[in-house]
Structure formats: structure tokens, C-alpha cells
Amino acid sequence: MALSRLLLLCMVASEVWDAETKPVDFVCNNGARRALNIVAETESALSECNDAKTFSTLVQLPCTELHIESWKNKSHQGIRGDIVASLRLLIEGVKVVRAQIQPGCASLPLQRLEHNINNYLLILTHLQLSQGPAVSPGLSCVPQSTLSLNTVLLKYNQLISGKLEWFMVDLEERCTSQ
């Protein structure tokens with residue numbers, strides 16, 4: 001009986017989650033976008049962790065440079081592909097680091113960071129864009145690498161508050177028409 005109630009609760013919760021978190025809501029709600037950015041929270045949680053300041057494996061960094069003129073010439077699919085490729089690159093690096101660290105101070109914040117990056121990936125990949133040629137995700141730069149957690153968090157923050165935010169602002173025209 002308890003198992004069936006738990007299953008029912010999970011089903012209801014998943015339906016409510018789906019009903020309230022559509023990618024277009026992310027585009028139209030600047031507050032929701034800011035709330036999803038957990039970089040400052042992650043930095044704070046990791047500030048006391050000596051085991052997470054540097055990694056033993058290089059982590060490739062996302063492409064964060066934003067060239068406005070070249071972006072104006074890209075389709076929405078191309079811009080999304082650039083951001084998705086950068087997020088995928090970063091999440092793979094975070095997964096490798098998480099697999100190598102010992103359970104301790106940094107485990108939970110790095111897990112939350114991985115889930116946060118995955119949330120952005122899910123939102124972007126499910127975002128309905130205007131018709132156009134399908135574009136495979138591709139990086140707009142040659143990725144740099146680092147052993148520094150601070151650098152990873154800095155570049156992640158630059159990606160979501162830079163490229164991703166510019167993209168969302170560009171898509172906000174959809175908000176008034178819906």
C-alpha cells in the first residue's frame with residue numbers, strides 16, 4: 001500500500017513539474033533564469049573544501065566569448081548548438097572530476113553543479129525554435145583546459161550569464177505572442 005502511494009506521489013509530482021517548467025517559461029521569466037544559476041551558491045558551498053580547489057584531471061572549458069556581430073548572422077538553431085556543445089563539454093568534465101574525488105566536502109556541490117548543467121541542457125534541447133535547417137551542436141572556439149575549480153565556475157557563469165542570457169533575450173519576442 002505504501003509503495004503504491006509513493007508511486008502515485010511520484011507520478012503526480014512529475015506531472016506538476018512538466019506542467020510548470022516549459023522551456024518557453026524559462027525564456028519569458030528572467031527571474032527563473034537567475035534562480036537557476038547556482039554558481040555563487042556552489043562557490044560558497046565549496047569555499048571550505050580543500051579537496052576541490054584543484055583537480056587531478058584537466059577539465060575542458062566552455063566557449064564563452066560572445067561576438068555580437070557574428071551572432072547576429074547565426075540562426076537560433078546555430079546559437080543553441082553552440083551553447084549546447086559548450087554545456088556538454090563542461091558536464092563531461094564535471095562527471096570525470098566527480099568520479100575521481102573522494103566522498104567528502106566537494107561531492108554534493110559538484111553533483112548539484114552537474115545536475116544544474118544538465119537542467120540547462122534539457123531546457124535548451126527541448127526549446128521549440130522557428131523552422132530552419134537543423135544544426136548539429138558545435139563549439140565556436142577551441143576549448144581551453146584547466147585544473148582549477150574557480151576557473152570552471154567562472155567560465156560556467158560567463159556562459160550562462162553571457163551567451164545563454166543573450167540568446168534568451170533574443171527569444172523574448174515570443175513571450176508577448178503567447
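Scope of the values below: all heavy atoms of this structure, side chains included, with no hydrogens, waters or symmetry mates. One is the number of the first residue; the rest follow in order along the sequence.
- Without hydrogens or angle criteria, N116 side chain to N37 main chain gives no donor-acceptor distance under 3.5 Å.
- Once rounded to the nearest 0.5 Å, the distance linking SG of C63 with CD of Q158 reads 12.0 Å.
- Here the side chains of L36 and N119 are in contact, with some heavy-atom distance below 4.5 Å.
- With sequence neighbours excluded, no residue forms a side-chain hydrogen bond (donor to acceptor under 3.5 Å, both in side chains) with H115.
- Qualifying side chain to side chain contact (heavy atoms under 4.5 Å, CB included) partners for S70, counting only residues two or more places apart in sequence or in other chains: H67.
- Side-chain contact between L87 and N118 is absent, with no heavy-atom pair separated by less than 4.5 Å.
- Pairs passing the side chain to side chain donor-acceptor pair (under 3.5 Å) check and including a residue from residues 84-94, sequence neighbours excluded, do not occur.
- For the ring-ring contact (aromatic ring centres under 6.0 Å, His included) condition, the pairs that include at least one residue of residues 69-92, sequence neighbours left out, are H76-F167.
- Residues satisfying the side-chain hydrogen bond (donor to acceptor under 3.5 Å, both in side chains) criterion with E41, sequence neighbours excluded, are R112.
- Residues L127 and R80 come closest through the heavy atom pair O-NH1, 2.6 Å.
- Applying the salt bridge (charged side-chain N to carboxylate O under 4.0 Å, His left out) definition to pairs two or more places apart or across chains, those involving residues 151-164 are D82-K163.
- A side-chain donor-acceptor contact under 3.5 Å links T125 to the backbone of L121.
- L154 and L61 end up in different hydrophobic clusters when Ile, Leu, Val, Met, Phe, Trp and Tyr side chains are linked at under 4.5 Å.
- Taking CG from N29 and SG from C175, the interatomic distance works out to 9.0 Å, rounded to the nearest 0.5 Å.
- The hydrophobic cluster containing V96 does not contain L89, counting ILVMFWY residues as joined when their side-chain heavy atoms lie under 4.5 angstrom apart, directly or transitively.
- Remark: Y120 pairs with no residue by the side-chain hydrogen bond (donor to acceptor under 3.5 Å, both in side chains) rule, at least two apart or across chains.
- In the displayed structure, Q128 atom CD is contacted under 6.0 Å by at most 12 heavy atoms of other residues, nucleotides or ligands.
- Considering only residues two or more places apart in sequence or on other chains, R34 meets the side chain to side chain contact (heavy atoms under 4.5 Å, CB included) condition with N30.
- L90 and L124 fall within a single hydrophobic cluster, where Ile, Leu, Val, Met, Phe, Trp and Tyr are joined by side-chain heavy atoms under 4.5 Å apart, directly or via other members.
- Counting heavy atoms from C-beta on, the side chains of Q100 and S56 come closer than 4.5 Å.
- One finds the CD1 atom of I160 at 12.0 Å from the OG1 atom of T64 (value rounded to the nearest 0.5 Å).
- Under the side-chain hydrogen bond (donor to acceptor under 3.5 Å, both in side chains) criterion, S47 pairs with no residue at all, not counting sequence neighbours.
- Applying the ring-ring contact (aromatic ring centres under 6.0 Å, His included) test to F55 and every residue at least two apart in sequence or in another chain returns nothing.
- For the residue pair P143 and Q60, the shortest heavy atom distance occurs at CG-NE2, 4.1 Å.
- Residues L153 and L113 come closest through the heavy atom pair CD2-CD2, 3.8 Å.
- Within the 4.5 Å cutoff, no side-chain heavy atoms of L159 are placed close to those of L164.
- Side-chain contact check for E114 versus L110: every heavy-atom pair is 4.5 Å or farther apart.
- Cluster partners of L147 are L58, counting Ile, Leu, Val, Met, Phe, Trp and Tyr whose side-chain heavy atoms approach within less than 4.5 Å, directly or via other members.
- A continuous path of ILVMFWY side-chain contacts below 4.5 Å connects L171 to I68, so both sit in one hydrophobic cluster.
- Taking a 6.0 Å sphere around CD of Q144, one finds it holds 12 or fewer heavy atoms contributed by other residues, nucleotides or ligands.
- Checked against salt bridge (Lys or Arg N to Asp or Glu O under 4.0 Å), E69 has the following partners two or more places apart in sequence or in another chain: K72.
- Remark: side-chain polar atoms of R33 are paired, donor with acceptor, to backbone N or O of F26 under 3.5 angstrom.
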*Start with the C-alpha gap between V59 and V94, add the side-chain angles, then the distance that decides, and say whether side chain to side chain contact (heavy atoms under 4.5 Å, CB included) holds.*
CA-CA 7 Å; V59 174; V94 171; 5.5 Å; no

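- Note: the hydrophobic cluster containing I38 does not contain I91 (ILVMFWY, side chain heavy atoms under 4.5 Å, direct or indirect links).
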